[in-house]
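Counting starts at 1 for both ligands and their atoms, following the listed order. Note that the coordinates shown come from a computational prediction; the quantities given were computed from them, not determined experimentally.
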Amino acid sequence: MFDLPPRPEYFSADHEAFRAAVRRFVDAEIAPHVHAWDEAGTFPRALYRRAAEVGITAIGYPEALGGTPADVFFSIAAAEEIARAGCGGVQASLGSHGIALPPVVAHGSTALQQRVVPPVLRGEKIAALCITEPGGGSDVAALKTTARRDGDHYVVNGEKTFITSGLRADFLTVAVRTDPANGGPGGLPNKGPAGLSLLVIDGDTPGLQRTELKKMGWWSSDTAHLSFTDCRVPVENRVGAEGDGFKAIMHNFNHERLMMAAMACSYGEACTQEALDWARQRKTFGAALSERQVIRHKLVDMAARVEAARAVVYDLAHRLEHGLGDRNALVARTCMAKVLATQAMQFCADAAVQILGGMGYMRGTRSERLYREAKVMMIGGGSEEIMKDLAARQLGV
Ligand SMILES: Cc1cc2nc3c(=O)[nH]c(=O)nc-3n(C[C@H](O)[C@H](O)[C@H](O)COP(=O)(O)OP(=O)(O)OC[C@H]3O[C@@H](n4cnc5c(N)ncnc54)[C@H](O)[C@@H]3O)c2cc1C
């Protein structure tokens, strides 16, 4: 149908060459396996190294840390191509470093950056971001995991949940409450953003326990509940200054939300493409489904939703890349882009399953998988309600 027509106003020849390389990799090494991996509830760890070899993992990171400095449209091109395989589980876990590493790169000490970032970008180690707790994910400022200072260590106690790559991660970027007055065991955690910090916790730290969680979609992504019991974490693993965690977390969300919006458009497109292919070959009452006006209109409605959301996403990416507009407006646009794109995905997944009929209800079709995955795109990384509330505040509503 639209098969990612070139958008030279956003994607140069270099972007397109990179996109083509990622597409070859996805077509050969991801797409043929996603159904089996999803059914198995995992994918081979070796895929991280392959993604690194193709140059996907390092995109946008500083050269000094083993990265490949690049603008955001390289990241978007890679995300779109991986999304075409129609399996958010693989994409979420394979890309979990994309939310775990940026705070380390932006605020970590040089020693911490050098220890953590290069092996992850080489695909040898896995990184995860741990913000959400059983008591709630939306209200980040209310998180309860404590980190009490004890000499040159923090002692961490608490729980995190729904953590992507939580089972396999070698490095965990963890939001903790370091408020010295109230942060210790037995003390009352101090509510509010001022006492929050980020720590990188190594996966083999004694006292860390991980439990697998079963979920509606993203089956091949590992999602874990983590509990920290008296985990001793060296002070040098702190990311930035003590008490500066909240700002870093909020800033990090913006990129995550932009990328989720870009992916959601491509998931919507993958559903539309599958529905079109099906409608062309499926005959009922002597004619292909694609010849029925009601089906043709449905397909155009799907394409239109994707195109509209994608236009907003590309415009936002361009504005972010070139610093166009004030910060509040950019945050509001980011929230609106995520809402629009994930709604487009949900619309397309629903329509595609309907067009595929009974086959759309069968495991193994992209549409069935993405139908189950639409909800996590609308909840994770900031739910729809939180996105609208944040946008309203930025817009002075
Ligand atoms: C598969 C999966 C992977 C995830 N991966 C990660 C990860 O890697 N790292 C991580 O830290 N987190 C992760 N999350 C957590 C995710 O970010 C949270 O689920 C999300 O932020 C919502 O938090 P919550 O689930 O605690 O819902 P809550 O905050 O309890 O909210 C519940 C519902 O109430 C609504 N709501 C909340 N507050 C308001 C309000 N003020 N007004 C109106 N409505 C409101 C919400 O929109 C939501 O619909 C993941 C989640 C899933 C499902």
Side-chain angles (χ1 to χ4, degrees), residues 38 41-42 87-104 120 126-145 158-177 191 196 198-201 203 210-228 239 245-246 248-257 259-261 263-264 267 334-335 338-339 342-343 345-346 369-370 372-393 397:
D38 235 30
T42 188
C87 184
V90 171
Q91 188 152 25
S93 270
L94 197 60
S96 63
H97 73 288
I99 52 176
L101 291 188
V104 180
V120 175
I126 296 172
L129 177 71
C130 314
I131 309 288
T132 306
E133 299 189 348
S138 301
D139 188 1
V140 173
L143 67 82
K144 293 187 172 66
T145 297
E159 289 174 81
K160 297 287 172 184
T161 199
F162 312 148
I163 304 307
T164 301
S165 295
L167 287 181
R168 293 209 272 205
D170 304 287
F171 300 116
L172 303 151
T173 306
V174 185
V176 293
R177 185 165 297 287
K191 269 203 142 226
L196 300 190
L198 286 172
L199 299 179
V200 173
I201 301 185
R210 318 179 194 220
T211 313
E212 184 183 359
L213 298 172
K214 295 282 183 198
K215 51 204 185 291
M216 180 191 293
W218 281 15
W219 293 343
S220 53
S221 169
D222 91 57
T223 306
H225 182 100
L226 308 176
S227 84
F228 302 90
V239 178
F246 188 76
I249 294 165
M250 290 301 133
H251 183 74
N252 198 37
F253 273 138
N254 291 327
H255 184 71
E256 176 179 9
R257 289 165 185 165
M259 296 311 294
M260 286 184 78
M263 286 182 238
Y267 294 141
T334 304
C335 295
K338 181 171 184 278
V339 170
T342 53
Q343 286 179 350
M345 175 189 173
Q346 187 184 43
R369 188 181 312 112
L370 292 167
R372 284 186 283 100
E373 294 182 357
K375 270 295 159 197
V376 69
M377 299 296 285
M378 305 173 100
I379 293 170
S383 68
E384 188 163 311
E385 292 76 11
I386 295 302
M387 292 298 87
K388 289 181 181 171
D389 208 51
L390 179 55
R393 270 182 280 132
V397 176

Inset, instruction - Compare Gly135, Ser138, Gly166, Gly89 and give the one whose heavy atom is closest to atom 27 (O) of ligand 1. - result: Ser138
Inset, instruction - Among all protein heavy atoms, pick the one closest to atom 2 (C) of ligand 1 and tell me residue, atom and distance. - result: Val376 CG2, 3.7 Å
Legend entry - Within 6.0 angstrom of Lys215 NZ, more than 12 heavy atoms from elsewhere: yes
Inset, instruction - Could you check atom 30 (O) of ligand 1 against the protein and tell me its nearest heavy-atom contact, residue, atom and distance included? - result: Gly136 CA, 4.4 Å
Inset, instruction - Kindly confirm or rule out a cation-pi arrangement of Arg369 over Trp219, judged by NZ or CZ under 6.0 Å from the six-membered ring centre and within 45° of its axis? - result: no
Inset, instruction - Look only at interatomic distance and state if Leu129 has a nitrogen or oxygen under 3.5 Å from any nitrogen or oxygen of ligand 1. - result: yes
Inset, instruction - Distance to 0.1 Å, residue and atom name: give those for the protein heavy atom nearest to atom 24 (P) of ligand 1. - result: Gly137 N, 3.6 Å
Inset, instruction - For Ile163, take its heavy atoms, then give the atoms of ligand 1 lying under 4.0 Å from any of them. - result: 7 (C), 8 (O), 9 (N), 10 (C), 11 (O)
Legend entry - Exam field: side chain Ser96 to backbone Ala127, donor-acceptor pair closer than 3.5 Å: yes
Legend entry - Side-chain donor/acceptor of Ser93 to backbone N/O of Val90, under 3.5 Å: no
Inset, instruction - Look at atom 41 (N) of ligand 1 and say which protein heavy atom is nearest, naming residue and atom and giving the distance to 0.1 Å. - result: Ile386 CD1, 4.5 Å
Legend entry - Atoms in ligand 1 flagged as close to Thr164, the criterion being non-hydrogen separation under 4.0 Å: 3 (C), 4 (C), 5 (N), 6 (C), 7 (C), 8 (O)
Legend entry - Polar side-chain atom of Glu133 near backbone of Thr145 as donor-acceptor pair, under 3.5 Å: yes
Legend entry - Atoms of ligand 1, numbered as shown, that sit under 4.0 Å from any heavy atom of Ile131: 10 (C), 11 (O)
Legend entry - Asp222 side chain vs Gly166 backbone, donor-acceptor pair below 3.5 Å: yes
Inset, instruction - Measure from the side-chain N and O atoms of Asn252 to the backbone N and O of Ile99, and report whether any donor-acceptor pair falls under 3.5 Å. - result: yes
Inset, instruction - State whether the shortest distance between N or O atoms of Phe162 and N or O atoms of ligand 1 falls below 3.5 angstrom. - result: yes
Legend entry - Qualifying residue for side chain to side chain contact (heavy atoms under 4.5 Å, CB included) with Lys160, from Val174, Ile201, Leu172, Thr132: Val174
Inset, instruction - Say whether, by atom type as modelled, one donor and one acceptor occur between the side chain of Arg257 and the main chain of Cys335 under 3.5 angstrom. - result: no
Legend entry - Protein heavy atom under 4.0 Å of atom 38 (N) of ligand 1: yes
Inset, instruction - Indicate whether atom 32 (C) of ligand 1 is within a distance of less than 4.0 angstrom of some protein heavy atom. - result: no
Inset, instruction - Please report which non-hydrogen protein atom sits nearest to atom 47 (O) of ligand 1, along with the residue it belongs to and the distance in Å to one decimal place. - result: Ser383 OG, 2.5 Å
Legend entry - Heavy-atom donor-acceptor pair, Lys338 side chain to Gly382 backbone, under 3.5 Å: yes
Legend entry - Flag: protein heavy atom within less than 4.0 Å of atom 50 (C) of ligand 1: yes
Legend entry - Distance from atom 12 (N) of ligand 1 to nearest protein heavy atom, with residue and atom: Thr132 OG1, 2.7 Å
Inset, instruction - Determine whether the side chain, the backbone, both or neither of Ile379 has a heavy atom under 4.0 Å from any heavy atom of ligand 1. - result: both
Inset, instruction - Give a yes or no answer on whether the side chain of Arg372 reaches the backbone of Trp218 with a donor-acceptor pair at less than 3.5 Å. - result: no
Inset, instruction - Could you tell me the residue and atom name of the protein heavy atom closest to atom 44 (N) of ligand 1, and the distance to it rounded to 0.1 Å? - result: Glu385 CB, 3.7 Å
Legend entry - atom 17 (O) of ligand 1: nearest protein contact (heavy atom, Å): Gly381 N, 3.4 Å
